[in-house]
Participant: 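Here it is, the structure, as structure tokens.
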Number of protein chains: 2
Amino acid sequence: MSLACDTCPVRDRAACAVLEEDQRDELAKAGRTRTLSKGETLFTAGESLAACATLKKGALKITSTDIDGRERILSLVHPSGFIGEMFGPYMRHDVVALGDAELCVFSGPDFQRAIERYPRLGQALLRRTQEDLFASRELLALTGNASAETRVAGALVSFARAASDSPCHLATRFDLPLSRGELADMLGLTIETVSRMLTRFEREGAIRRTGKRGIELIDPALLPLS
Amino acid sequence: MSLACDTCPVRDRAACAVLEEDQRDELAKAGRTRTLSKGETLFTAGESLAACATLKKGALKITSTDIDGRERILSLVHPSGFIGEMFGPYMRHDVVALGDAELCVFSGPDFQRAIERYPRLGQALLRRTQEDLFASRELLALTGNASAETRVAGALVSFARAASDSPCHLATRFDLPLSRGELADMLGLTIETVSRMLTRFEREGAIRRTGKRGIELIDPALLPLS
DNA sequence: CGTCTATTTGATGGAGGTCAAAGACAGTGG
DNA sequence: CCACTGTCTTTGACCTCCATCAAATAGACG
């Protein structure tokens with residue numbers, strides 16, 4: 001199935017936005033639309049198939065699972081994000097839908113050809129990959145030697161930033177994109193500790209919780225950021 | 001000062017190796033050689049100057065420092081490695097020499113122009129940046145919820161792998177590229193804990209230590225990897 | 001209303017951080 | 001050659017923070 005770029009919700013923001021219209025249509029011929037429902041797996045670590053995708057709707061998590069079966073969330077992917085493993089011989093991580101999601105999927109070789117044909121696409125991806133690298137290092141710094149309090153606070157601020165339109169501004173009301181368990185897996189903590197920290201922040205007047213996922217930032221200055 | 005690519009020790013492995021000879025000479029005109037001595041800083045987080053570099057000799061660490069002044073090592077850079085922040089308006093992290101080092105340095109704009117002119121260069125950097133991203137995520141997985149024992153063991157194996165010629169083989173004798181303190185900063189532990197774990201591994205017969213930095217892998221199977 | 005799952009809260013213990021001090025070297029100068 | 005100094009590492013004692021275990025609560029849904 002070929003792609004309907006005309007109606008694509010991320011056509012101006014995704015990597016392919018740097019292409020001319022005819023180039024994008026050409027690329028679209030190599031891609032396929034795919035929908036995932038909550039919890040469904042897009043890629044599995046170790047798969048020999050190199051592939052990549054642009055996320056159109058929903059959210060994904062990139063995870064690795066250690067020997068004892070404990071899952072670690074390495075990154076979150078938001079709409080217009082790119083998940084790419086064009087080069088390696090196999091997929092390095094699991095990629096799973098956090099909720100219902102919709103993507104454009106390309107085979108690794110197809111996409112590599114597109115990069116060679118359209119240098120601007122490669123440059124756009126380079127920029128994106130560098131951003132992903134910085135995000136990964138930021139998470140590394142956050143989970144490195146910070147206290148549980150600081151980690152949870154940092155995650156809240158990071159979600160508040162992602163939920164606002166401008167990246168330097170915090171949304172005051174937003175929904176957590178993750179369950180307590182997923183938040184714990186991302187921060188290297190346990191469900192109980194995450195829950196306790198949220199309770200503490202609410203008791204101290206920094207946030208208010210509405211339902212399981214809703215967060216309202218009352219006084220971000222009370223969050224113990226590092 | 002223009003660069004002497006002819007005598008460059010990493011001319012076949014660095015990103016610029018994908019260029020034709022005349023293209024590389026052209027790029028060299030924009031670059032400068034720089035030497036650093038142990039502990040010297042190449043880039044400082046927050047610097048407004050976008051720049052990038054290829055490491056020719058020595059080793060670097062990429063670090064971030066949190067508010068209480070605790071340093072976290074986010075990545076190590078080995079010869080032929082690329083340190084690039086071409087796009088952002090400012091440097092995201094500190095980059096410091098672990099020992100004496102030698103590099104080619106380019107200004108961000110100069111290098112961006114080179115990428116536009118030579119698409120193969122951009123593709124090579126994309127591949128490298130993806131590798132860096134995977135390495136960062138691997139460290140994230142290692143330091144996430146593993147025990148101190150597992151983290152130190154993982155670091156040892158990773159260094160043993162880096163010290164051997166083939167990436168799937170472990171060197172049996174090698175020198176740690178980091179001090180105890182740096183190792184601790186990289187693994188999110190303390191100096192004392194790192195020291196205790198090394199003592200434990202030696203007592204259990206997994207390794208032998210010679211001097212401060214020397215490590216001999218006696219029985220890697222005894223290392224408690226996850 | 002009953003069942004299932006996600007979350008919260010409490011009690012307890014252990015891994016690792018913190019504080020403190022002793023070695024182990026390398027370099028310096030007498 | 002030998003003290004002296006400064007830095008890095010090791011080792012020990014103690015205590016804190018967070019994981020673990022356990023149970024209560026809250027929603028979601030049939």
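Side chains are part of it too, since the values below use all heavy atoms of this structure and drop only hydrogens, waters and symmetry mates. The chains referred to below are lettered A, B, ... by the order of the sequence lines, with proteins before strands, and numbering in each begins at 1. Quantities reported herein were computed from a predicted structural model and do not represent experimental measurements.
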Participant: Would E85(A) and R92(A) pass as an ion pair if we require N to O under 4.0 Å?
Facilitator: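 Between R92(A) and E85(A) there is no salt bridge, as every charged N stays at least 4.0 Å from the carboxylate O atoms.
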Participant: Which is true for R200(B) with a 4.0 Å heavy-atom rule: it touches a base, it touches only sugar-phosphate, or it touches nothing?
Facilitator: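 Contact class for R200(B): none.
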Participant: Using whole Å, what does the distance between atom C1' of nucleotide dC17(D) and atom CG of L189(B) come to?
Facilitator: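 Value for this atom pair: 15 Å.
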Participant: Please tell me if T193(B) has a side-chain N or O lying less than 4.0 Å from either OP1 or OP2 of dA15(C).
Facilitator: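 No, outside the criterion.
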Participant: Under 4.0 Å: is that the gap between some side-chain N or O of T199(A) and OP1 or OP2 of dT9(C)?
Facilitator: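 Result: yes.
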Participant: Would you mind telling me which residue lines up with the more 5' stretch of DNA chain C, K212(A) or R196(A), judged by nearest nucleotide?
Facilitator: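 The residue whose closest nucleotide sits nearer the 5' end is K212(A).
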Participant: What is the nucleic acid contact for L198(B), judged by heavy atoms within less than 4.0 Å: base, sugar-phosphate only, or nothing?
Facilitator: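 The residue L198(B) makes no contact with any strand.
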Participant: Given side chains that start at C-beta, do those of D175(B) and F159(B) come closer than 4.5 Å, heavy atoms only?
Facilitator: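 No, every pair of side-chain atoms sits at 4.5 Å or beyond.
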Participant: Assuming nearest nucleotide by heavy-atom distance, tell me which of A146(A) and E192(A) is located more 5' along DNA chain D.
Facilitator: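 Nearest-nucleotide comparison on DNA chain D picks A146(A).
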Participant: Could you state the atom-to-atom distance from CG of N145(A) to C1' of dC18(D) in whole Å?
Facilitator: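 Whole-Å distance recorded here is 16 Å.
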Participant: Please report the distance, rounded to the nearest Å, between CZ in R209(B) and P in dC25(C).
Facilitator: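 From R209(B) CZ to dC25(C) P: 11 Å.
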Participant: Nearest whole Å is fine: how far is dA6(C) P from D185(A) CG?
Facilitator: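 Nearest whole value for this atom pair: 13 Å.
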Participant: Any ion pair linking R34(B) and E102(B) (charged N to carboxylate O, less than 4.0 Å)?
Facilitator: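 No salt bridge links E102(B) with R34(B).
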Participant: Less than 4.0 angstrom between a side-chain N/O of S195(B) and OP1 or OP2 of dT9(D), yes or no?
Facilitator: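 For dT9(D), neither OP1 nor OP2 has a side-chain N or O of S195(B) closer than 4.0 Å.
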Participant: Closer than 4.0 Å, any side-chain N/O of R151(A) to the OP1 or OP2 of dC18(D)?
Facilitator: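 Checking dC18(D) against R151(A), no side-chain N or O comes under 4.0 Å of OP1 or OP2.
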Participant: Let me know the distance between CZ of R213(B) and C1' of dC8(D), rounded to the nearest Å.
Facilitator: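 Rounded to the whole Å, the gap is 9 Å.
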Participant: Please tell me which of the listed nucleotides, dT18(C), dC18(D), dT10(D), lies nearest to the side chain of T190(B)?
Facilitator: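 Minimum distance to the T190(B) side chain belongs to dT18(C).
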Participant: To the nearest angstrom, how far is I191(B) atom CD1 from dG12(D) atom C1'?
Facilitator: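 Roughly 16 Å, once rounded to whole Å.
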Participant: Quick one, T193(B) with T190(B), criterion side-chain hydrogen bond (donor to acceptor under 3.5 Å, both in side chains). Give me CA distance, side-chain angles, the key distance, then yes/no.
Facilitator: CA-CA 5 Å; T193(B) 302; T190(B) 59; 3.0 Å; yes
Participant: Does the base of dC18(D) carry an N or O that pairs as donor and acceptor with the side chain of E149(A) under 3.5 Å?
Facilitator: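 For E149(A), whose side chain was compared with the base of dC18(D), there is no donor-acceptor pair (under 3.5 Å).
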Participant: Send over the distance from R180(B) CZ to dT10(D) C1', rounded to a whole Å.
Facilitator: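 Taking atom C1' of dT10(D) as the reference, CZ of R180(B) is at 9 Å.
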Participant: Does S37(A) form a side-chain hydrogen bond (donor to acceptor under 3.5 Å, both in side chains) with E40(A)? I'd like the steps, not just the answer.
Facilitator: CA-CA 6 Å; S37(A) 41; E40(A) 209 174 339; 3.0 Å; yes
Participant: If I take atom CG in residue L187(A) and atom C1' in nucleotide dA19(D), what distance separates them, rounded to the nearest angstrom?
Facilitator: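 Rounding to the nearest Å, CG of L187(A) and C1' of dA19(D) are 15 Å apart.
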